[in-house]
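Below is one structure; the comments refer to it alone.
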Amino acid sequence: MLSLSTSWLSSRHRDGREIALDARELGFEYIEVSHGTKITQLPGILDAVKAGEIKVSSLHNFCPAPVEVTIDAPDAFEFTAAKAWERQRAISLTKKTLEMATRFGTDLVVIHLGSVPMKSITEKLEAIVADGRLYSREFTELKLKLVTAREKASQVHLDRVRTALAELLPACEKHGVRLGIETRSHYEQIPNQREMAVLMQEYRDCPWIGSWHDFGHVQRQANLALLDHEIYLSEIAPHLFGCHVHDVQWPARDHRSPLSAGGVDFAKLLPIVPREVPLIWELSPSQKREQLLESLVAWKKAFPDRD
């Protein structure tokens with residue numbers, strides 16, 4: 001199943017029904033209702049779903065967006081936050097998203113878990129790599145600092161994640177909606193590769209918790225030699241609920257149209273993904289319509305069994 005995230009569509013239309021009709025015109029039978037979708041657009045999308053004009057593959061937390069946040073901010077509240085009220089706000093907003101998923105007729109919600117509160121070393125590493133100094137002494141020392149700091153902070157933040165998931169599981173079961181834990185672009189974010197493996201092992205017998213592979217995010221970390229993309233995907237493939245598909249312009253400009261930037265080796269990686277797993281194109285609004293259409297033609301030619 002191919003689906004198009006409203007991350008590309010929502011800024012192009014005022015009305016939700018226009019979002020749905022545009023996706024169908026582009027050739028997509030499904031859309032993912034993303035966190036950036038305005039609350040005023042949701043009724044129109046619901047109308048389109050009821051009319052059979054579009055299907056919804058998934059929702060991206062938070063949906064609806066929190067009323068107190070005026071910009072697109074999926075990480076405004078985190079399960080890993082130091083303040084208990086913020087963690088609770090993240091949980092309550094996620095419960096609303098689970099309920100909303102049932103209205104859209106989908107059983108999939110994509111979630112961000114949170115992050116470790118520290119200055120972004122990932123962005124510094126990306127700047128060094130962009131300058132052509134991968135594996136330089138400065139790069140190596142910063143990378144070691146990043147990995148060491150993250151490992152020290154891992155346990156307390158994973159425990160907060162476990163507490164949040166424990167509170168969410170009854171709502172998942174009530175609504176029949178699964179939570180896909182998304183792979184992230186910054187090493188300061190949670191989970192990293194080791195943490196994802198730990199969580200998937202812990203929830204291996206739980207039908208409501210799984211992984212969500214973001215090709216662009218993982219490739220950004222691979223470009224910093226923080227992981228091997230193929231190995232990471234192979235590890236979580238048995239637990240996959242879905243994927244976000246987009247390309248990366250070296251080393252860190254992601255959410256490009258698939259097969260347009262040459263940064264992600266889809267020919268090698270896509271066969272690892274089980275065929276029943278939905279593939280959601282999550283593109284930056286900056287991508288032109290012509291780019292999307294060209295990528296779609298190239299995709300169907302390269303992967304005729306994945307459309």
Side-chain angles (χ1 to χ4, degrees), residues 1-79 85-86 88-112 168 171-172 174-180 182 212 214 242 244-246 254-255 257 278 280-289 291-293:
M1 173 206 302
L2 278 190
S3 177
L4 180 62
S5 171
T6 58
S7 63
W8 187 83
L9 292 157
S10 58
S11 64
R12 287 171 160 78
H13 303 282
R14 294 184 62 184
D15 182 71
R17 198 159 197 167
E18 292 175 353
I19 289 175
L21 294 176
D22 195 7
R24 285 306 299 263
E25 184 177 338
L26 288 164
F28 291 88
E29 185 179 352
Y30 291 84
I31 59 172
E32 175 176 281
V33 183
S34 189
H35 47 75
T37 310
K38 298 178 180 64
I39 194 168
T40 55
Q41 295 171 325
L42 298 181
I45 298 176
L46 282 168
D47 288 342
V49 171
K50 292 175 182 177
E53 296 165 350
I54 200 70
K55 298 176 184 177
V56 173
S57 60
S58 44
L59 266 61
H60 195 314
N61 217 23
F62 304 111
C63 182
V67 294
E68 64 267 45
V69 179
T70 58
I71 60 174
D72 180 13
D75 302 311
F77 304 102
E78 298 183 326
F79 300 133
W85 71 263
E86 184 177 335
Q88 197 58 47
R89 182 63 174 146
I91 291 169
S92 64
L93 287 167
T94 305
K95 288 179 178 179
K96 290 182 179 179
T97 304
L98 292 169
E99 184 178 356
M100 182 64 73
T102 64
R103 296 181 62 187
F104 280 107
T106 181
D107 70 340
L108 281 174
V109 166
V110 188
I111 59 171
H112 294 175
L168 288 169
C172 290
K174 174 184 176 181
H175 297 295
V177 178
R178 299 173 289 161
L179 293 173
E182 184 174 355
W212 192 280
D214 188 298
H244 280 149
V245 178
H246 50 101
D254 55 6
H255 297 283
S257 295
I280 287 78
W281 284 28
E282 189 182 48
L283 310 183
S284 166
S286 68
Q287 297 296 279
K288 304 298 183 184
R289 189 180 189 90
Q291 291 175 307
L292 191 160
L293 290 170

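Residues P66 and R89 have side chains in contact (heavy-atom distance under 4.5 Å, counting atoms from C-beta outward). Contact of the E53 side chain with the R17 side chain is registered, since non-hydrogen atoms from C-beta on lie closer than 4.5 Å. In this structure, S3 and P278 have side chains that are not in contact, with every pair of non-hydrogen atoms separated by 4.5 Å or more. Taking the side chain as every heavy atom from C-beta outward, Y30 and L4 never approach each other to under 4.5 Å.
Atom CG of L2 and atom CD1 of I280 lie 9.0 Å apart (nearest 0.5 Å). Annotation: the span from S257 atom OG to W281 atom CH2 amounts to 7.0 Å, rounded to 0.5 Å. Here T40 contributes atom OG1 and R14 contributes atom CZ; the two are 8.5 Å apart, rounded to the nearest 0.5 Å. For the atom pair D15 CG and I45 CD1, the distance stands at 9.0 Å (nearest 0.5 Å). Atom CE of M1 is separated from atom CZ of F28 by 12.5 Å, given to the nearest 0.5 angstrom. Taken to the nearest 0.5 Å, the CG atom of L26 stands 7.0 Å off from the CG atom of L9.
Taking each heavy atom of L108 and T106 in turn, the nearest pair found is N-OG1, 3.3 Å. Looking at every heavy atom in both residues, F77 comes nearest to L93 through CD1-CD1, 3.6 Å. Across A90 and F62, no two heavy atoms sit closer than the pair O-CE2, 3.6 Å. M100 and P64 make their closest contact through CE-CD, 3.8 Å (heavy atoms, listed as atom of the first residue, atom of the second, distance).
Around atom NZ of K96, no more than 12 heavy atoms belonging to other residues, nucleotides or ligands sit under 6.0 Å away. For R103, the CZ atom sits in a loose shell: 12 or fewer heavy atoms of surrounding residues, nucleotides or ligands are nearer than 6.0 Å. Sparse packing is recorded around CD of E99, with 12 or fewer heavy atoms of other residues, nucleotides or ligands lying under 6.0 Å away.
With respect to D22 and R289, a salt bridge is recorded, a charged nitrogen being found less than 4.0 Å from a carboxylate O.
Applying the side-chain hydrogen bond (donor to acceptor under 3.5 Å, both in side chains) rule to N61 yields the partners T94, T97; only residues at least two apart in sequence or on another chain are considered. Qualifying side-chain hydrogen bond (donor to acceptor under 3.5 Å, both in side chains) partners for E282, counting only residues two or more places apart in sequence or in other chains: H244.
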Side chain to side chain contact (heavy atoms under 4.5 Å, CB included) for F79 and I91? Distances and angles first, verdict last. CA-CA 7 Å; F79 300 133; I91 291 169; 4.1 Å; yes
One pair to check against side chain to side chain contact (heavy atoms under 4.5 Å, CB included): W212 and H60. What are the steps and the verdict? CA-CA 11 Å; W212 192 280; H60 195 314; over 6 Å; no
Evaluate I111 against L168 for side chain to side chain contact (heavy atoms under 4.5 Å, CB included), listing each step before the verdict. CA-CA 12 Å; I111 59 171; L168 288 169; 5.5 Å; no
Step-by-step side chain to side chain contact (heavy atoms under 4.5 Å, CB included) determination, L42 to C63: CA-CA 9 Å; L42 298 181; C63 182; 4.1 Å; yes
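A salt bridge (Lys or Arg N to Asp or Glu O under 4.0 Å) check over residues 26-35, counting only residues at least two apart or in different chains, returns the pairs E29-K55.
In this structure, S57 contributes its side chain and I31 its backbone to a donor-acceptor pair below 3.5 Å. Under a 3.5 Å cut-off, the side chain of Q41 and the backbone N or O of K38 do form a donor-acceptor pair. The backbone N or O of T6 sits less than 3.5 Å from a side-chain atom of S10, completing a donor-acceptor pair.
Using a 30° and 60° split on the angle between ring planes, H246 and H255 fall in the parallel class, below 30°.
In summary, the side chains of S34 and S7 do not present any donor paired with an acceptor at a separation below 3.5 Å, with no hydrogens or angles considered.
None of D107, V109, L59 except one satisfies the side chain to side chain contact (heavy atoms under 4.5 Å, CB included) rule with L98; the exception is V109.
R12 forms a cation-pi arrangement with W8, by the criterion of a distance under 6.0 Å to the ring centre and an angle within 45° of the ring axis.
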